[in-house]
A.B. asks: 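My structure is below; once you've seen it, I'll send some questions.
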Amino acid sequence: IVCYYDSRAASYSTPTFAKDITSTNCTHYVYDGIGVTAQGDIRILSSYDTACNVELYNAAIGWRSEKLVNSVAVFLEQYNFDGVEIDRRTTDFDKNALARFVNRLRSRLYMINKRLAVSVSAQFVDAYDITSLSLYADMINLHAYNFTTSTTNTVANLAPLFSSTPNNVVSVNSTVTSWLAAGVRRNKVNLVVATYARTYTLASDAQRAVGARSTGPGEAGPNTKRPGLLAQYEFCNIASEYTSVSDSSTSTAYYFKGRSWITIETEDTLVQKFTYILDNMLAGVGIFTLDLDDTSNTCGNGAYRVSELAFQYFTSE
């Protein structure tokens, strides 16, 4: 059970700092908020904007990889981390360069007994050298959700488990199947689930089904203030105002009120994904993120309910 903390949570109206996380359900914790410079140096992000880091990382990985490898090793030892995760969930990079970098970093981390994980986007199978990742990464964290963005012109479920036409062509199952067919090692793959809700603004409150037209992301939450996203604790405060619709064929649920449209994992859909992990003999599950889960039992089902549910489910098997 790999659990993420996003450093952007420290910038919310009521911040959640890493030291505030009290969940003990996880076997691994990932701090999301470390970047690199074009010179290959490690830096702690202070602007909570990881998007700007892509170009810098590509520069560093391309011609200063040895310096970056050493910078990572020094950083891990300096702050006593157990390992590092390389987050490459975009297609704008050279997969062969990434494979070489992972190989070099793996060799360096062996020397100091540190672990290496790689976060990948489920839908971009061709963007990765899967053989190299399977050989050199200790864990491959497959983020199988958010197949489209909240700014697209149609509403879409957060993470349909199975495909259905015409509205849910891409699904968790279709992407996992693609990765397995490409040769990824099952025993290294963690299926990452999202704790947050994606929100849209409908073009018309008369058309609310999956695939209906959207004018963009929904309003930002009162604490996270991120358009198109609500934390669990923000959603449950308004859930009773919404009409819910479940779809057993795709294992999804969505909610609507007027022109507001929300998609989020429920306990039922999460358990179905946990069952899928076991049925497909994957390594485990990832929780993205703890800080967007119900950190203070606002919803009344217990704090950190998603990781708690994962812990209860996997340890009972």
Side-chain angles (χ1 to χ4, degrees), residues 2 4-7 28-47 49-144 175 178-180 182-192 283-284 286 288:
V2 179
Y4 290 80
Y5 165 79
D6 188 342
S7 63
H28 299 75
Y29 295 84
V30 179
Y31 179 89
D32 184 353
I34 305 298
V36 299
T37 69
Q39 288 71 41
D41 296 315
I42 299 296
R43 68 185 180 96
I44 298 175
L45 300 177
S46 59
S47 64
D49 179 11
T50 57
C52 67
N53 217 42
V54 172
E55 183 177 348
L56 294 178
Y57 182 85
N58 286 337
I61 203 173
W63 59 279
R64 294 183 183 271
S65 59
E66 290 303 328
K67 181 174 182 180
L68 180 55
V69 164
N70 289 325
S71 295
V72 169
V74 170
F75 186 89
L76 295 180
E77 292 197 296
Q78 179 181 356
Y79 291 98
N80 197 30
F81 281 104
D82 295 319
V84 64
E85 178 186 86
I86 305 301
D87 187 348
R88 298 311 298 152
R89 285 182 283 158
T90 61
T91 58
D92 54 348
F93 62 91
D94 180 344
K95 69 179 180 181
N96 294 320
L98 175 64
R100 290 191 296 270
F101 174 70
V102 169
N103 185 357
R104 292 169 181 167
L105 184 58
R106 173 69 282 169
S107 298
R108 182 69 175 87
L109 296 185
Y110 270 137
M111 298 169 61
I112 56 175
N113 195 29
K114 304 293 185 181
R115 296 175 64 84
L116 172 62
V118 180
S119 260
V120 296
S121 175
Q123 62 265 48
F124 301 145
V125 181
D126 293 338
Y128 304 95
D129 182 335
I130 292 176
T131 300
S132 293
L133 294 186
S134 290
L135 282 173
Y136 301 119
D138 295 303
M139 294 187 294
I140 300 173
N141 296 323
L142 193 67
H143 291 250
T175 54
S178 296
W179 274 83
L180 294 176
V184 72
R185 293 187 180 182
R186 296 174 186 265
N187 65 349
K188 290 192 175 183
V189 174
N190 297 311
L191 182 67
V192 183
F288 193 88

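One is the number of the first residue; the rest follow in order along the sequence. Keep in mind that this is a model prediction, so the values were computed, not measured. No hydrogens, no waters, no symmetry mates; every other heavy atom, side chains included, goes into these values.
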A.B. asks: Taking N190 for its side chain and G284 for its backbone only, find out whether a donor-acceptor pair lies under 3.5 Å.
C.D. replies: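 Answer holds: yes.
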A.B. asks: Pick from F288, F124, W179: which one makes a ring-ring contact (aromatic ring centres under 6.0 Å, His included) with H143?
C.D. replies: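 One option only clears the test, and that one is F288.
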A.B. asks: Do you know which two heavy atoms are closest between D126 and K95, and how far apart they sit?
C.D. replies: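 Residues D126 and K95, closest heavy atoms: O-NZ, 3.2 Å.
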A.B. asks: Any sub-3.5 Å donor-acceptor pair from Y128's side-chain atoms to R88's backbone N or O?
C.D. replies: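 A pair under 3.5 Å: yes.
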A.B. asks: For G40 and S71, which heavy atoms make the closest approach, and how far apart are they?
C.D. replies: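 That would be O-OG, 2.9 Å.
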A.B. asks: With a 4.5 Å heavy-atom cut-off, do V2 and V192 have their side chains touching?
C.D. replies: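 No, their side chains stay 4.5 Å or more apart.
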A.B. asks: With a 6.0 Å cut-off (strictly less than), is the heavy-atom count around CG of D82, excluding the residue itself, greater than 12?
C.D. replies: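 Open: at most 12 neighbouring heavy atoms sit under 6.0 Å from CG of D82.
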A.B. asks: Salt bridge or not for D138 and R106, using N-O below 4.0 Å?
C.D. replies: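 R106 and D138: salt-bridged.
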A.B. asks: Any side-chain heavy atom of R115 within less than 4.5 Å of one from M139?
C.D. replies: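 Yes - at least one pair of side-chain heavy atoms lies under 4.5 Å apart.
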A.B. asks: May I ask you to test the I42-V72 pair for a side-chain heavy-atom distance under 4.5 Å?
C.D. replies: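 In short, these two side chains touch, coming nearer than 4.5 Å.
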A.B. asks: Please find the pair of heavy atoms, one from E77 and one from I112, that lie closest to each other, and give the distance.
C.D. replies: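 Result for this residue pair: OE2-CG2, 3.5 Å.
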A.B. asks: CG of N70 to CZ of R104: how many Å apart, nearest 0.5 Å?
C.D. replies: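 These two atoms lie 11.5 Å from each other.
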A.B. asks: Check whether any side-chain heavy atom of T175 lies under 4.5 Å from a side-chain heavy atom of V125, and answer yes or no.
C.D. replies: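 In short, these two side chains do not touch, never coming nearer than 4.5 Å.
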A.B. asks: What heavy-atom pair brings A122 and A144 nearest, and what distance separates the two atoms?
C.D. replies: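 Distance-wise, the nearest heavy atoms are CB-CA, 3.8 Å.
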A.B. asks: Would you confirm whether S65, through its side chain, and F101, through its main-chain N or O, come within 3.5 Å as a donor-acceptor pair?
C.D. replies: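 Not a single qualifying donor-acceptor pair exists.
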A.B. asks: Is there side-chain contact between D41 and K67, with heavy atoms separated by less than 4.5 Å?
C.D. replies: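 D41 reaches K67 side chain to side chain.
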A.B. asks: Are any side-chain N or O atoms of S7 and backbone N or O atoms of D32, one a donor and one an acceptor, separated by less than 3.5 Å?
C.D. replies: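 Yes; at least one donor-acceptor contact below 3.5 Å.
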A.B. asks: Of all heavy-atom pairs between D87 and S119, which one has the smallest distance, and what is that distance?
C.D. replies: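 Of all heavy-atom pairs spanning D87 and S119, the closest is OD1-CB, 3.8 Å.
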A.B. asks: Can any side-chain N or O of K114 pair as donor or acceptor with the backbone N or O of A73 at less than 3.5 Å?
C.D. replies: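 Pair absent, no side-chain N/O of K114 close to backbone of A73.
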A.B. asks: Can you tell me how far CG of N113 sits from CG of L76, rounded to the nearest 0.5 angstrom?
C.D. replies: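 The CG atom of N113 is 11.5 Å from CG of L76, to the nearest 0.5 Å.
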A.B. asks: Atom CG in D94, atom CG in D129: separation rounded to 0.5 Å?
C.D. replies: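 Those atoms lie 10.0 Å apart.
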A.B. asks: Measure the CD1-OH distance between I34 and Y79 for me, rounded to the nearest 0.5 Å.
C.D. replies: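 Reported value, rounded in 0.5 Å steps: 8.0 Å.
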A.B. asks: So, taking the atom named CG in L180 and the one named CD1 in I130, what distance separates them when rounded to the nearest 0.5 Å?
C.D. replies: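 That separation rounds to 9.5 Å.
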A.B. asks: Report yes if the side chains of L133 and R185 come closer than 4.5 Å at any heavy-atom pair, otherwise no.
C.D. replies: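 The answer is no; the side chains never approach within 4.5 Å.
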A.B. asks: How close do R108 and V69 get, counting heavy atoms only, and between which atoms?
C.D. replies: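 In terms of heavy atoms, the two residues are closest at CB-CG1, 3.4 Å.
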A.B. asks: With rounding to the nearest 0.5 Å, note down the distance linking OH in Y136 to OG1 in T131.
C.D. replies: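 It is 10.0 Å, given to the nearest 0.5 Å.
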